[in-house]
Amino acid sequence: MADIQWVAASTGMRRRVLADGEKLMLVEVHLDQGAIVAEHSHIHEQATYVIRGRIQFTLSGNTVELSAGQSIFIPSNALHQVTASEETLLLDTFSPPREDFRS
């Protein structure tokens, strides 16, 4: 994985695609403390797993705090937003794969 390049996605956020298949994509996401992933939605189902750190995750208007070892499922087209309470490393899985993440 050391040769997989990080891509700056927004202020305080970078990502790299670890696995990219026909029906599934695995993405590592690094968030600096205080980074915000603005509210958005997409057609993809998403599962997010917190490797380390802590985030405030808002899904369809409900906010939960997630820390290392916890995960959340985001249904297709659900509005969601993330705020990093501290430096955080996540694994995001998308189905179908995110075409906009492919280089």
Side-chain angles (χ1 to χ4, degrees):
M1 288 191 297
D3 59 338
I4 301 172
Q5 296 296 313
W6 287 96
V7 174
S10 62
T11 302
M13 177 185 164
R14 58 190 168 130
R15 68 172 181 256
R16 61 183 179 169
V17 176
L18 300 179
D20 186 5
E22 182 180 331
K23 297 181 181 179
L24 187 71
M25 177 180 277
L26 180 64
V27 180
E28 187 174 31
V29 178
H30 179 271
L31 298 168
D32 293 338
Q33 182 176 0
I36 297 173
V37 179
E39 186 175 57
H40 66 286
S41 66
H42 42 72
I43 64 162
H44 316 85
E45 289 186 325
Q46 176 180 344
T48 295
Y49 175 79
V50 181
I51 297 172
R52 71 171 183 263
R54 191 167 41 94
I55 58 173
Q56 298 291 321
F57 203 105
T58 302
L59 174 61
S60 300
N62 297 314
T63 301
V64 296
E65 183 172 88
L66 299 175
S67 56
Q70 294 183 304
S71 61
I72 191 167
F73 174 75
I74 302 97
S76 177
N77 297 310
L79 283 173
H80 56 287
Q81 174 183 350
V82 176
T83 302
S85 303
E86 57 189 57
E87 183 180 1
T88 300
L89 188 64
L90 308 171
L91 278 180
D92 281 338
T93 304
F94 297 97
S95 180
R98 298 278 307 247
E99 288 294 333
D100 55 329
F101 285 11
R102 292 178 167 153
S103 37

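Residues: numbered from 1 along the sequence shown.
Residues Leu59 and Leu66 are members of one and the same hydrophobic cluster, defined by side-chain heavy-atom contacts under 4.5 angstrom among Ile, Leu, Val, Met, Phe, Trp and Tyr. Cluster membership for Leu89 and Tyr49, using ILVMFWY side-chain heavy atoms within less than 4.5 angstrom, is shared. A continuous path of hydrophobic side-chain contacts links Val50 to Val64 [ILVMFWY only; heavy atoms under 4.5 Å].
Side-chain atoms of Pro96 and His44, non-hydrogen and from C-beta on, do get closer than 4.5 Å to each other. In this structure the side chain of His80 reaches within 4.5 angstrom of the side chain of His40, judged on heavy atoms. In this structure the side chain of Glu87 never reaches within 4.5 angstrom of the side chain of Leu31, judged on heavy atoms.
Of all heavy-atom pairs spanning Met13 and Val37, the tightest one is SD-CG2, 3.6 Å. The two residues Gly12 and Ala35 make their nearest non-hydrogen contact at O-CB, 3.4 Å.
Pairs of residues two or more places apart, or lying in two chains, never qualify as ring pair (Phe, Tyr, Trp, His ring centres under 6.0 Å) while including a residue from residues 9-38. Counting only residues at least two apart or on different chains, the ring pair (Phe, Tyr, Trp, His ring centres under 6.0 Å) pairs with a member in residues 83-103 are His42-Phe94, Phe94-Phe101.
Asp20 is linked by a side-chain contact (heavy atoms from CB on, under 4.5 Å) to Val17, Met25, Pro97, Arg102, counting only residues two or more places apart in sequence or in another chain. Residues meeting the side-chain contact (heavy atoms from CB on, under 4.5 Å) test with Ser95, sequence neighbours left out: Leu24. In this view, Thr48 and Gln46, Phe57, Ile72, Ile74, Leu90, Asp92 satisfy the side-chain contact (heavy atoms from CB on, under 4.5 Å) rule, not counting sequence neighbours. In this structure Thr58 satisfies the side chain to side chain donor-acceptor pair (under 3.5 Å) test together with Thr63, sequence neighbours excluded.
With rounding to the nearest 0.5 Å, the separation of CG in Leu26 from CZ in Arg16 is 10.5 Å.
Between the Thr88 side chain and the Arg54 main chain, a donor and an acceptor come within less than 3.5 Å of each other.
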Output, in order, the C-alpha distance, side-chain angles, deciding distance and verdict of side-chain hydrogen bond (donor to acceptor under 3.5 Å, both in side chains) for Gln56 and Glu65. CA-CA 5 Å; Gln56 298 291 321; Glu65 183 172 88; 2.6 Å; yes
Using side chain to side chain contact (heavy atoms under 4.5 Å, CB included), reason through Ile4 and Leu18 one step at a time and then give a plain yes or no. CA-CA 7 Å; Ile4 301 172; Leu18 300 179; 4.1 Å; yes
